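Some notes on the structure that comes next.
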Number of protein chains: 2
Amino acid sequence: MTADVSLAPGDPGTPSGEPRWLDAEEQRAWRAWLYSSQLLQDRLDRELTHATGISHAYYEILVALSETEGRMMRMSELAERCLSSRSRLSHAVSRLEERGWVRRQVCPDDGRGQLAVLTDDGFAALEAAAPVHVEGVRSHLFDQLSPEQVAAMRDIGETLLRHLGPR
Amino acid sequence: MTADVSLAPGDPGTPSGEPRWLDAEEQRAWRAWLYSSQLLQDRLDRELTHATGISHAYYEILVALSETEGRMMRMSELAERCLSSRSRLSHAVSRLEERGWVRRQVCPDDGRGQLAVLTDDGFAALEAAAPVHVEGVRSHLFDQLSPEQVAAMRDIGETLLRHLGPR
DNA sequence: GCGGAATAGATGAGCCTTCAACTACGCTAG
DNA sequence: CTAGCGTAGTTGAAGGCTCATCTATTCCGC
């Protein structure tokens, strides 16, 4: 049912040298990883959005702000922390501002900079959403895996992060 | 640096019963998995798009079609195979049609149905893109992991798929 | 202190996704 | 045959993301 996929061994020698095609085992591993991560993220985002009106992307922004001293953070730092482009974050913060959950404030140390500040309403929204989110992660991820699988998941994730890097 | 994250232990007892918060280890595992899958998918999509003009989403559609008899598939089946909503697929196929890579054809067995058919131009585009995609998957995923990690990744992915299921 | 390069962030157009209709066809019971 | 329901697919509006561009500020060397 998980049907083999992608990467039909097309014409030999297209870019530079023979492509290193995936064998059947590799394709299964790649597909399983890709499908499971997409489905899990979709599911968590959907459940969170429907239950609380907060998408996972917004949730991450609120969480990041809530964890800092003073519940505020420079825009660029926040973007990096949320794996977001600056433009995307700027748009997102504007929308959160409209909801009254975040406000912008000029950065005292650097006239170019802006601080995104979590408001009390924003914090309250986060507090309401957190239990929904954690229950999703638990039921769809941790409840499904053995402790060994969780350890392996973390190991694999951290290995990949060293390559893909924080940058 | 991977800083602990999300799920600030907010107010006790918000929805029904005390939320099953994540401990520090679980948060690290969750973060590593989330970040690595997001970064990897972003990276692959970006590289493929820039090198070939084909996003990963479009690529998946072309691959799915290329693997069938007659290079054609019912819209709904294709949507399911690509983890896409019907609406999303319908829009995407319209755009692929504009590029001349896919065409629609009424399904002979069912007057309601449509078949998406991969054109020769579409197949050629896929052939050109495949080596780029496979090289990305290899260099950013398989080259980074040991055989044991690959086996574990597949095992974890398949376990999660059984839960998230093709439903 | 002044000119140029670099950095921080905002903005708008265009594409993509989602959601809620909406159309069209098929299936079944009377 | 036909009414009503379910299924297949499309459509358009609204929101979100990307990319290129633009403004404002700081940093650096002289």
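Numbers restart at 1 for each chain; the letters A, B, ... are given by sequence-line order, proteins then strands. Here the structure is a predicted model, which is why all the values come from computation and not from measurement.
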Item to check | Integer-rounded Å distance: C:dA20 C1' and B:R86 CZ | outcome: 16 Å

Item to check | Comparing A:D42 and A:S90 on DNA chain C - which has the more 5′ nearest nucleotide | outcome: A:S90

Checklist entry - So does A:S85 get a side-chain nitrogen or oxygen closer than 4.0 Å to the phosphate oxygens (OP1/OP2) of D:dT18? => result yes

Checklist entry - After noting the C-alpha distance and the side-chain angles of B:T49 and B:I54, does the key distance pass the side chain to side chain contact (heavy atoms under 4.5 Å, CB included) rule? => result CA-CA 5 Å; B:T49 302; B:I54 305 178; over 6 Å; no

Checklist entry - Which residues within residues 100-115 of chain B lie with some heavy atom under 4.0 Å of an atom in DNA chain D? => result B:R104, B:R112, B:G113, B:Q114

Checklist entry - With distance as the sole criterion, do the side chain of A:H91 and the base of D:dG15 form a donor-acceptor contact below 3.5 Å? => result no

Checklist entry - Nearest-Å distance, CG (B:L96) to C1' (C:dC15)? => result 13 Å

Next on the checklist: In whole Å, I'd like the distance from the CD atom of B:E80 to the P atom of D:dA8.
Outcome noted: 10 Å

Checklist entry - Are the charged groups of B:E80 and B:R74 less than 4.0 angstrom apart, N to O? => result no

Item to check | Sugar-phosphate, base or nothing in reach of B:R95, heavy atoms under 4.0 Å | outcome: base

Checklist entry - A:R88 CZ to C:dT17 C1': how many Å, rounded? => result 13 Å

Item to check | CA sep, side-chain torsions, deciding dist, call: B:R86, B:M75, side chain to side chain contact (heavy atoms under 4.5 Å, CB included) | outcome: CA-CA 7 Å; B:R86 288 170 185 212; B:M75 293 294 284; over 6 Å; no

Checklist entry - Rounded to the nearest Å, what distance is computed from the OH atom of residue B:Y58 to the P atom of nucleotide C:dT17? => result 7 Å

Checklist entry - What class does the angle between the rings of B:H56 and A:W30 fall in, given that below 30° is parallel, 30 to 60° is tilted and above 60° is perpendicular? => result perpendicular

Checklist entry - Checking all strands, does A:S55 fall into the base, sugar-phosphate, or nothing category for heavy-atom contacts under 4.0 angstrom? => result nothing

Checklist entry - Nearest-Å distance, CG (A:L83) to P (D:dT18)? => result 11 Å

Next on the checklist: Tell me whether A:Q149 contacts the main-chain N or O of A:S146 through its side chain, where contact means a donor paired with an acceptor under 3.5 Å.
Outcome noted: yes

Next on the checklist: Tell me whether A:D143 is salt-bridged to B:R20, with the criterion being a basic N under 4.0 Å from an acidic carboxylate O.
Outcome noted: yes

Checklist entry - Is any N or O donor-acceptor pair between the side chain of B:S87 and the base of D:dT11 shorter than 3.5 Å? => result yes

Item to check | d(CD1, A:I54; P, D:dG16) in whole Å | outcome: 13 Å

Next on the checklist: Between P on C:dT18 and CZ on A:R43, what's the gap in Å once rounded to a whole number?
Outcome noted: 16 Å

Item to check | Candidate pair B:R95 and B:Y58, rule side chain to side chain donor-acceptor pair (under 3.5 Å), full reasoning | outcome: CA-CA 9 Å; B:R95 292 180 299 250; B:Y58 286 7; 2.7 Å; yes

Checklist entry - Side-chain N or O of A:H50 less than 4.0 angstrom from OP1 or OP2 on C:dT18? => result no

Checklist outcome for this item: Closest to the side chain of A:R46, out of D:dC19, C:dC19, C:dA10, is C:dC19

